[in-house]
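Reviewing the structure listed below.
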Amino acid sequence: MVTISSNLLFAAFILYLVATVFYGGSIKAKKDVNETKKTNKWGSIAVFLTIIGFISQLGYFITRWIAAGHAPVSNMFEFTTFFGMALVGAFIVIYFIYRSTLLGLFTMPIAILVIAYASMFTRDVTPLIPALQSYWLSIHVTTAAIGEAILAISFAAGLIYLVKAIDQTKSNKRTFWLEIVMFALVVVLGFVVVSTAFSAIGYQEKFTWVDKHGNEANLEYTMPALTGPHEGKLLTNDGFKPLVEMPALINAKKLNTVIWSFLAGFVLYGAIRLILRKRIAAALKPMVKNIKLDFVDEISYRSVLIGFPVFTLGALIFAMIWAQEAWSRFWGWDPKEVWALITWLFYAAFLHLRLSKGWHGEKSAWLAVIGFVIIMFNLVAVNLVIAGLHSYAGS
């Protein structure tokens with residue numbers, strides 16, 4: 001069953017890749033990407049492949065649930081693959097409302113990166129730890145992920161808006177920060193590349209270390225340890241000695257992965273810039289020349305309008321109910337809880353500024369992009385680096 005599940009996920013990943021190519025072909029084939037009544041063959045094939053890929057990934061989710069005996073959202077691999085699936089599902093729904101293949105060209109690479117990112121974590125089916133043995137696991141986590149996925153559509157639409165609206169012929173703060181967003185996406189790709197490379201050569205280092213409770217434990221690195229664990233002792237002969245030792249509060253292994261990802265991201269970004277000989281955003285600009293700014297602005301806003309209440313239910317209300325059952329308190333100041341609140345407050349401010357202050361257009365697009373950066377920081381940095389009650393999610 002686990003093998004079938006893995007094959008279905010792999011099939012979905014390949015279908016998403018091929019669909020992205022067809023979305024690109026669709027944009028080139030269309031004379032007007034705002035056309036809503038008709039779609040060319042490239043676009044039809046792209047949407048068809050996306051739907052088949054989504055069905056395949058849904059099959060992965062169901063078969064893994066059967067194999068595990070619980071909702072497959074209990075660790076980083078499971079949660080992130082579900083997030084990727086929810087993102088594709090949200091796009092499919094939005095597509096049939098607005099009929100924009102250009103949105104697919106910007107959304108599908110994000111979903112592909114999310115799923116590729118998930119594949120770097122352990123895929124083993126393991127029993128639930130006591131803290132997760134509750135039906136609230138599936139209710140809280142899946143609802144929160146669906147809310148974040150809908151909000152991610154707002155990011156894709158906002159990104160299209162900024163690529164279209166910002167003049168790339170001269171350098172300024174707007175072009176700089178837009179390129180920083182592009183660089184961040186390349187860093188995620190860098191994580192996939194560097195993790196795959198070290199995994200292919202079977203790189204391993206073993207340490208003993210002392211956790212924040214003073215207990216000695218074993219830890220295995222799959223990349224050279226630039227950051228070592230608290231009071232760590234290297235057990236592997238001829239292993240790479242850490243450059244710096246981290247306090248017990250910081251997950252040194254995951255921080256090490258983040259650092260390697262940034263290093264790989266810098267190399268990849270430099271290579272891309274050498275090939276393109278221009279900013280990534282500038283290279284994408286011809287693809288969005290026919291899109292209407294009001295059109296993508298509406299998609300971005302509607303996505304937040306739908307995603308925000310779903311996220312509120314999953315990440316705050318359902319989470320607090322489960323926290324009361326599990327830890328006898330509705331709220332604590334665990335890092336994951338704090339960043340969920342920060343995310344909620346940000347999107348509440350987004351809607352307030354949009355509705356009360358008239359922050360439409362480019363201002364709204366920047367907010368959509370910043371909101372997704374906060375979501376990804378919560379997913380990557382908070383889950384992987386900062387130790388807390390939700391640290392089991394970093395496995």
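It should be emphasised that the depicted structure is a prediction, and the values quoted were computed from it without experimental measurement. Nothing fancy with the numbering, it's 1 onward along the sequence.
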- Query: F183 versus F262: any side-chain heavy-atom pair under 4.5 Å?
  - Reply: yes
- Note on the structure: Tightest non-hydrogen contact, residues A281 and V163, listed as O-CG1, 3.7 Å
- Query: Which distance, rounded to the nearest 0.5 Å, do you find between the CG of L8 and the CD1 of I4?
  - Reply: 7.5 Å
- Message: Is it the case that the side chains of Y23 and T50 hold a donor-acceptor pair, with the cut-off being a distance below 3.5 Å and no angle test?
- Response: yes
- Rounded to the nearest 0.5 Å, what's the gap from CD1 on I115 to CZ on F83? Could you check? 10.5 Å
- Query: Is there a donor-acceptor pair under 3.5 Å between the side chain of K253 and the backbone N or O of E220?
  - Reply: yes
- Message: Using side chain to side chain contact (heavy atoms under 4.5 Å, CB included), reason through E245 and H230 one step at a time and then give a plain yes or no.
- Response: CA-CA 6 Å; E245 179 183 299; H230 180 238; 4.0 Å; yes
- Query: Relative to each other, are the rings of F22 and W42 parallel, tilted or perpendicular (30° and 60° limits)?
  - Reply: tilted
- Message: Let's go through V188 and I110 carefully: what are the C-alpha distance in whole Å and the side-chain angles of both, what is the deciding distance for side chain to side chain contact (heavy atoms under 4.5 Å, CB included) to 0.1 Å, and is it a yes or a no?
- Response: CA-CA 10 Å; V188 178; I110 298 169; over 6 Å; no
- Task: Please confirm whether the backbone N or O of L162 pairs with a side-chain atom of E362, one donor and one acceptor, at under 3.5 Å?
- Result: no
- Message: I need the L219 CG to L235 CG distance, nearest 0.5 Å.
- Response: 10.0 Å
- Item | Ion pair check, K164 and D297, cut-off under 4.0 Å | no
- Do side-chain atoms of R273 reach the backbone of K278 as a donor and acceptor pair under 3.5 angstrom? yes
- Message: Hydrophobic cluster membership, with links at side-chain heavy-atom distances under 4.5 Å among I/L/V/M/F/W/Y: are I275 and L268 in one?
- Response: no
- Task: State whether the side chain of N256 and the backbone N or O of P224 hold a donor-acceptor pair below 3.5 Å, judged by distance alone.
- Result: yes
- Name the one of W322, F79, F318, F311 that satisfies ring-ring contact (aromatic ring centres under 6.0 Å, His included) with H140? W322
- Item | Stepwise side chain to side chain contact (heavy atoms under 4.5 Å, CB included) test for L226 and L263 | CA-CA 12 Å; L226 302 177; L263 292 175; 4.1 Å; yes
- Message: Side-chain heavy atoms nearer than 4.5 Å, only ILVMFWY residues, links allowed to pass through others: does that put M85 and I55 together?
- Response: yes
- Query: Would F191 and W260 satisfy ring-ring contact (aromatic ring centres under 6.0 Å, His included), going step by step from the backbone distance to the final call?
  - Reply: CA-CA 7 Å; F191 168 83; W260 273 107; over 10 Å; no
- With side chains defined as the heavy atoms from C-beta onward, is the minimum distance between I272 and I280 less than 4.5 Å? yes
- Message: For the CZ atom of F10 and the OH atom of Y60, what is their distance to the nearest 0.5 Å?
- Response: 15.0 Å
- Query: Which heavy-atom pair separates L105 from M287 by the least distance, and what is that distance?
  - Reply: CD2-SD, 3.6 Å
- Message: side chain to side chain contact (heavy atoms under 4.5 Å, CB included) for L284 and M182? Distances and angles first, verdict last.
- Response: CA-CA 11 Å; L284 292 174; M182 298 300 178; 3.7 Å; yes
- Task: Taking the side chain as every heavy atom from C-beta outward, state whether L341 and L345 have any pair of such atoms under 4.5 Å apart.
- Result: yes
- Can you name the closest pair of heavy atoms from A225 and F207 and give their distance? CB-CZ, 3.8 Å
- Query: If two hydrophobic side chains count as joined below 4.5 Å and joins carry through other members, does V244 share a cluster with W209?
  - Reply: no
- Work out which heavy atom in L255 is nearest to a heavy atom in M246; give both atom names and the distance. CD2-CE, 3.5 Å
- Note, Q168 side chain near T175 side chain (heavy atom, < 4.5 Å): yes
- Message: If we count only N and O atoms by modelled type, under 3.5 Å, do the side chains of Y161 and S300 hold a donor and an acceptor together?
- Response: no
- Output the distance between atom CG (L178) and atom CH2 (W366), rounded to the nearest 0.5 Å. 5.0 Å
- Query: Within a strict 4.5 Å, meaning less than it, do heavy atoms of the Y117 and M376 side chains meet?
  - Reply: no
- Which pair of heavy atoms, one from E78 and one from P72, lies closest together, and at what distance? CB-O, 2.8 Å
- Task: Could you tell me whether a side-chain N or O of S5 sits under 3.5 Å from a main-chain N or O of T63, the two making a donor and an acceptor?
- Result: no
- Message: Using the rule that Ile, Leu, Val, Met, Phe, Trp and Tyr join whenever any side-chain heavy atoms are under 4.5 Å apart, tell me whether V193 and V186 fall into a single cluster.
- Response: yes
- Message: When you compare the side chain of M223 with that of S195, does any pair of heavy atoms fall below 4.5 Å?
- Response: yes
- Item | ring-ring contact (aromatic ring centres under 6.0 Å, His included) partner of F308, the single match among W344, Y301, Y347 | W344
- Contact check, side chains of L151 and F372, non-hydrogen atoms, under 4.5 Å: no
- Item | Mutual orientation of the aromatic rings belonging to F61 and F82 [parallel < 30°, tilted 30-60°, perpendicular > 60°] | tilted
- Task: Check whether any side-chain N or O of T208 sits under 3.5 Å from a backbone N or O of A217 as a donor-acceptor pair, and report yes or no.
- Result: no
- Message: Using a 3.5 Å distance criterion without hydrogens, assess whether the side chain of T80 forms a donor-acceptor pair with backbone atoms of M76.
- Response: yes
- Calculate, to the nearest 0.5 Å, the distance between atoms CD1 and OG1 belonging to I317 and T143 respectively. 10.5 Å
- Linked, directly or transitively: L353 and L305 (ILVMFWY side chains, under 4.5 Å): yes
- So, does E205 use its side chain to make a donor-acceptor pair with the main chain of F240 at under 3.5 Å? yes
- Query: Hey, are the side chains of I299 and S303 touching, using non-hydrogen atoms and a 4.5 Å cut-off?
  - Reply: yes
- Do other residues, nucleotides or ligands put more than 12 heavy atoms under 6.0 Å from the OH atom of Y203? yes
- Query: Checking S56 side chain against I52 main chain: does a donor-acceptor pair fall under 3.5 Å?
  - Reply: no
- Note on the structure: On a heavy-atom basis, the closest approach of T81 and A118 is CG2-CB, 3.6 Å
- T236 backbone acceptor or donor facing Q204 side chain under 3.5 Å: no
